[in-house]
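The sequence lines fix the lettering, A, B, ..., with proteins before strands; numbering per chain opens at 1. These numbers come from the heavy atoms of this one structure, side chains and all, not from hydrogens, waters or symmetry mates. Model, not experiment: these values are computed from the prediction.
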Amino acid sequence: MANTMAKNFDFKEAERRLYQWWQEKGWFKPESAPADAEPFVISMPPPNVTGALHLGHALFVTVEDIMIRFERMRGKAALWVPGTDHAGIATQLQVEKMLRDQGTSRHEVGREEFLARTWQWKEKYGGAITQQLRLLGASCDWDRERFTLDDQLSEAVQEVFISLWDQGLIYRGTRLVNWSPGLQTAVSDLEVEREEEAGTLYFFKYPVEGGEFLPVATTRPETILGDTAVAVHPEDERYQHLIGKKAYVPMLNREIPVIGDAYVDREFGTGALKVTPAHDFNDYEIARRHNLPMINILNPDATLNANAGAYQGMDRFAAREKLWADMTDAGLTIKTQPHTYIIPRSQRGGEIVEPMLSMQWFVKIQPLAEKALDAVRSGAIQIVPERFEKVYYHWLENIEDWCVSRQLWWGHRIPAWHGPNGEIHVGKTPPPGDGWKPEEDVLDTWFSSGLWPFSTLGWPEQTPDLQRFYPTHVMETGYDILFFWVARMIMLGLWFTDKPPFHTVYLHGLVRDKHGRKISKTAGNVIDPTELIEQYGVDPLRFTLATGATPGNDINMDTGRVERNWRFVNKIWQMANFVTVNLDGDVPLGAPPPQALDLPSRWILSRLNRLIENVTRLFETYQYGEAGRQIDDFLWSEFADWYIEMSKYPLYQGNDAEKQTARQVLVYVLDQALRLLHPFMPFVTEEIWQHIPHEGEALIIAAFPIADARYFDDAAETQMTILIDLIRGIRNVRDEYKVEPGRKITAVASVGGFGALFDQYSYLFARLCNVATVTKLGAGENPPGESASVVVNEVTMYLPLAEFIDLGAECERLNKESAKLTVQIEKSRGMLANEGFINRAQPDVIERERAKLASLEASAAQIAERISSMCK
RNA sequence: GGGCAAUUAGCUCAGCUGGUUAGAGCGCACGGUUCACAUCCGUGAGGUCGGGGGUUCGAGCCCCUCAUUGCCCA
């Protein structure tokens, strides 16, 4: 069954071969589990079709694949639904850029042709990202891959829109929205980033009837042209006499009122506020309170329109300068001063977004938000880590209606029709009669992705997939799209399916560079995952991402860790190599019964079963990083460093039965560890598993280990710890005294209560610290004179090293050791003498403390004796 | 202005519901070609767990406060 392994793991070859094999075998599909298996479903956050693989993808694929592979191995019908998002704005921008490079534009080619070209572009480049996800080992069901613009998903979008309209939850109206002049579309609040920037505060005089002037300050002078009032605080003694009078818009001489409104901050600027309802959110509110007119002064491209009088046609920034210059000439300006204020910029492209009045479609979101709040409050949906629940509540409790229309071409066209007399009809087809024109706007890209968990499973049709796999289970994604996406999925899912779309939201952080800086092209710190995969293979990258992150926290990507984990992969490979070359014929699978085992085997199986228990618990609580670290530690620091080394005795010197038992344990432990590790490092584990004796076709569908309490063995762990500590102590002494590593030495042991342990296992010292013979010190015998001693628990090992030892140095060493013990003993005695501790601490904690103290005291006594007999 | 994180070894990070002598990797120092692995093995140095106060028998972990950094919301 076992076969010879190559000297090293050829990850490039194996990754391709294994992935293809798994997929061809259908193991990525839930149908590979028994028909009555419990489902476990994750909807993959669909990457943008425009996307190129970055570390963020690598992170989410790693975490979700771990979840999926774990549950698959636990026998569930694991389904991971992949797909891509049409990403309205992002994609349209890319295609527009392509057209620009070709010397044309979207307006030149027209809507129909533009869409045709975008589809072509999508066919050509849209597959790239999903191909790259395969490189990461993503075990998703590609037969169920979806795209947000697929016919069926578009059906779902229309269904939802129309039904929201029928329920009165969608309205169309002229409202103040964030307008992106470059893209010439409205964008939602979430798509606007606000940041402090250096600017200028302009002070000027507002002429008021009767020849007075009201001083006003503004950061955007061009908006003066759209002013419909000047506001002062009603209690402001400087200005309250002006309330109710007429003011005149500079350069336009348009007549507007001076109003009183408590919103005005008397401390800021001059204490008087110009009100531009069509281009400022606060002013908009003021205008609504006072029934002021709203004058839009901007065209869609942010040039000024006819309302701007002489400034019509100028760009907004040019108009700002020109108007200010003209006002200066007219004697209306006072001064300018540097001023830091908050600038709204588009999340895409970074241009300054203008608040602008425009006709848009909105979703009345409060009723949906209520349900979404309840779902988390009631625990029907759990957010990991929990602290994000607060963030979620805050956003939903203060939510504003959702502007869902976009003046783009690439996206789901709003299913509405404009009648000849300005009527609106919402529906998939126009009503009977002539003159109905389709709505031009498309929907916000998040509208369709908000349906993702159920639209990908066939909704609104009651498909078998929808019935079996919905609701899904875990939504794993980045905390940066909690509002954009997660909250909307919850709202729409609850509203349209009456079920939470998933029971758990697991949020991961952002991948940053080694020093915690955001990764960006301009910072020059881009880390390309494909390069790392090329160099080290994908397993080390996955392991690094999985073990380097805790839920909700950003992860700093240190490629040094990838390299280290590449060495870990090699290390596992070499362990497997050791195991396989030492096989001879068939070996029984499974672990031998505990009573048939020697101490090292009882120990490693005890450790293994504790590991299994821990890893399972950690997986179930989403603590993947800790789980990975524990497996790593077990394999390298326990299995390889100690068990494999110790197994060489039975393997090389034992009788047939001993050899066979050792082989069986080696194979069993390796097999179990590979199973634990498989979700993290699918390729190397599968490849090795195929080389060791095993039952079943593939590791990917092998059963996840279950801890067997019969193998928990405290006594074996205690005894092995003593042996290990003694060996370490002896190595330490050898190193300190510069005894050549090749030199065999002898030891005399005072064994305390561990006589039987030494009778059976003192042979271990030969190979592990080159102590050729260990002699037990008989009762009443004196220890050797010129020797170093290593003390652990009740055991002292004397190493007669006359030629190496300087008595003074040895005494110093012992005194140091003794002092260390004294500190610990005092602390421990103090605890045990403390009534509060004895009365209140858990009994097992007290018991552990007593055992510790006993061991420390035993060691201290022996060292003290040694010192008194040897040192003056 | 409100909120949330983070602050642990030179660097990057773990540390679960408070309970052994606070851990790992990298880096560093010293030493190693013995039959799985030099992509390795052994040994070691290195931390007043950001400061201060508190709760507790017991605090890296809980509470208060301050500082620094980052993020979210307004």
Side-chain angles (χ1 to χ4, degrees), chain A residues 5 7-9 189-190 194 281 342 385 387-388 390-391 393-395 398 479-480 482-483 509-510 512-518 536 540 544 547-550 552-561 563-582 614 617-618 621-623 625-630 632-633 636-637 640-641 644-645 647-648 651-652 666 727-729 731-736 738-742 767-770 820-821 823-824 827-828 830-842 844-846 848-849 851-853 855-856:
Chain A
M5 292 174 62
K7 191 142 177 62
N8 293 301
F9 176 46
D189 294 341
L190 287 175
R194 296 178 166 81
F281 286 94
I342 295 178
R387 61 185 147 90
F388 283 100
K390 226 173 172 177
V391 182
Y393 294 144
H394 184 258
W395 189 69
N398 298 286
Y479 64 73
D480 53 327
L482 179 61
F483 306 143
L510 270 40
R512 297 169 172 280
D513 80 357
K514 181 182 169 176
H515 297 290
R517 292 170 306 192
K518 209 166 178 171
Y536 300 113
T544 303
T547 55
T550 42
N553 288 335
D554 292 350
I555 167 173
N556 292 354
M557 184 66 193
D558 180 353
T559 54
R561 289 182 84 110
E563 184 184 328
R564 185 273 170 188
N565 289 326
W566 162 73
R567 285 190 275 115
F568 179 42
V569 165
N570 176 67
K571 183 73 185 181
I572 303 166
W573 186 264
Q574 302 305 335
M575 292 174 208
N577 189 33
F578 173 83
V579 172
T580 55
V581 298
N582 282 293
N614 282 342
R617 176 179 54 81
L618 291 165
T621 52
Y622 307 100
Q623 300 180 70
E626 184 60 19
R629 281 186 291 274
Q630 288 196 18
D632 182 334
D633 200 49
W636 203 324
S637 307
D641 286 353
I644 284 185
E645 291 310 317
S647 76
K648 287 174 181 175
L651 285 178
Y652 300 159
L666 283 166
I727 289 164
R728 288 205 165 116
R731 285 172 176 168
N732 182 357
V733 165
R734 294 185 63 123
D735 197 63
E736 267 189 53
K738 307 265 182 283
V739 180
E740 300 93 329
R767 193 179 278 267
L768 296 169
C769 52
N770 218 1
K820 243 161 79 182
L821 284 169
V823 172
Q824 289 175 41
K827 191 178 165 196
S828 185
M831 277 173 82
L832 289 163
N834 184 327
E835 274 181 47
F837 178 69
I838 298 299
N839 293 334
R840 297 179 194 230
Q842 301 278 330
D844 63 308
V845 172
I846 298 171
R848 226 184 308 148
E849 195 58 35
K852 183 185 103 185
L853 180 60
S855 165
L856 289 171

*What is the distance, rounded to the nearest whole Å, between atom CG of A:Asp480 and atom C1' of B:rC73?*
15 Å
*RNA chain B: 5'-proximal contact among A:Thr550 and A:Phe837 (nearest heavy atom)*: A:Thr550
*Which value, in whole Å, describes the distance between the C1' atoms of nucleotides B:rC16 and B:rG23?*
14 Å
*Quickly work out the A:Met557 CE to B:rC11 C1' distance and round it to whole Å.*
15 Å
*Check the distance between B:rC73's P and A:His394's NE2 and give it to me in whole angstrom.*
10 Å
_When you measure from the side chain of A:Arg561 to the backbone of A:Thr547, do you find a donor-acceptor pair of N or O atoms at a distance under 3.5 Å?_
no
*Is it true that a side-chain atom of A:Asn553 and a backbone atom of A:Gly509 form a donor plus acceptor pair closer than 3.5 Å?*
no
*A:Phe578 versus A:Lys648: any side-chain heavy-atom pair under 4.5 Å?*
yes
*A:Ile727 CD1 to B:rC41 C1': how many Å, rounded?*
15 Å
*Which sits closer to the 5' end of RNA chain B, A:Ile342 or A:Asn834, going by the nucleotide each is nearest to?*
A:Asn834
*When you check every protein heavy atom under 4.0 Å of nucleotides 21-36 of chain B, what one-letter string (B, S, -) results, 5' to 3'?*
B---SS---------B
*Considering only the P atoms, how many Å lie between B:rC66 and B:rG3, rounded to the nearest integer?*
12 Å
*Using atom C1' of each nucleotide, how far apart are B:rU39 and B:rC26 to the nearest Å?*
15 Å
*Let me know the distance between CG of A:Asp513 and C1' of B:rC11, rounded to the nearest Å.*
13 Å
*Check the distance between B:rA45's C1' and A:Glu736's CD and give it to me in whole angstrom.*
12 Å
*Looking only at side-chain N and O atoms, does A:Arg848 come under 4.0 Å of OP1 or OP2 in B:rG19?*
no
*Give a yes or no on whether a salt bridge exists between A:Asp844 and A:Arg848, defined as a side-chain N under 4.0 angstrom from a carboxylate O.*
yes
*List for me each residue that meets ring-ring contact (aromatic ring centres under 6.0 Å, His included) alongside A:Tyr536, sequence neighbours excluded, and say none if there are none.*
A:Trp566
*Roughly how far apart, to the nearest Å, are B:rC61 and B:rG19 at atom C1'?*
12 Å
*Under 4.0 Å between a side-chain N or O of A:Arg731 and OP1 or OP2 of B:rU43?*
yes
*Just to confirm, is there a sub-4.0 Å distance from OP1 or OP2 of B:rU39 to any side-chain nitrogen or oxygen of A:Asn8?*
no
*So, do A:Phe9 and A:Asn570 sit near enough that their side-chain heavy atoms are less than 4.5 Å apart?*
no
*asked:* Donor-acceptor pair, distance only, cut-off 3.5 Å: does the side chain of A:Thr621 make one with the backbone of A:Arg617?
replied: yes
_Rounded distance (Å) that lies between atom C1' of B:rA5 and atom CZ of A:Arg512_ = 11 Å
*asked:* Can you see if the side chain of A:Thr547 gets near the phosphate of B:rA14 - specifically, an N or O under 4.0 Å from OP1 or OP2?
replied: no
_If I pick the P atom on B:rU20 and the same atom on B:rA59, what distance separates them, to the nearest angstrom?_
12 Å
_Integer-rounded Å distance: B:rC37 C1' and A:Trp573 CH2_ = 13 Å
*Measure from the side-chain N and O atoms of A:Ser855 to the backbone N and O of A:Ala851, and report whether any donor-acceptor pair falls under 3.5 Å.*
no
*Closest to the A:Phe483 side chain, choosing from B:rG15, B:rC73, B:rU20*: B:rC73
*Under 3.5 Å donor-acceptor, A:Asp632 side chain and A:Gly628 backbone*: no
*On a whole-Å scale, what distance lies between the P atoms belonging to B:rA14 and B:rC62?*
15 Å
*asked:* Distance check, C1' atoms only: B:rU34 and B:rU17, in whole angstrom units.
replied: 48 Å
*Flag, side chain of A:Arg564 to backbone of A:Thr544, donor-acceptor distance under 3.5 Å*: no
*Would you say the side chain of A:Asn577 lies within less than 4.5 Å of the side chain of A:Gln574, judging by non-hydrogen atoms?*
yes
*Out of B:rG15, B:rG19, B:rG44, which has the shortest distance to the side chain of A:Asn732?*
B:rG44
*Can you tell me, in whole Å, how much space there is between the C1' of B:rG27 and that of B:rC63?*
38 Å
_Base-pairing string, 5' to 3', of RNA chain B - Watson-Crick or wobble, under 3.5 Å, | interstrand_ = (((((((..((((.....[...)))).(((((.......))))).....(((((..]....)))))))))))).
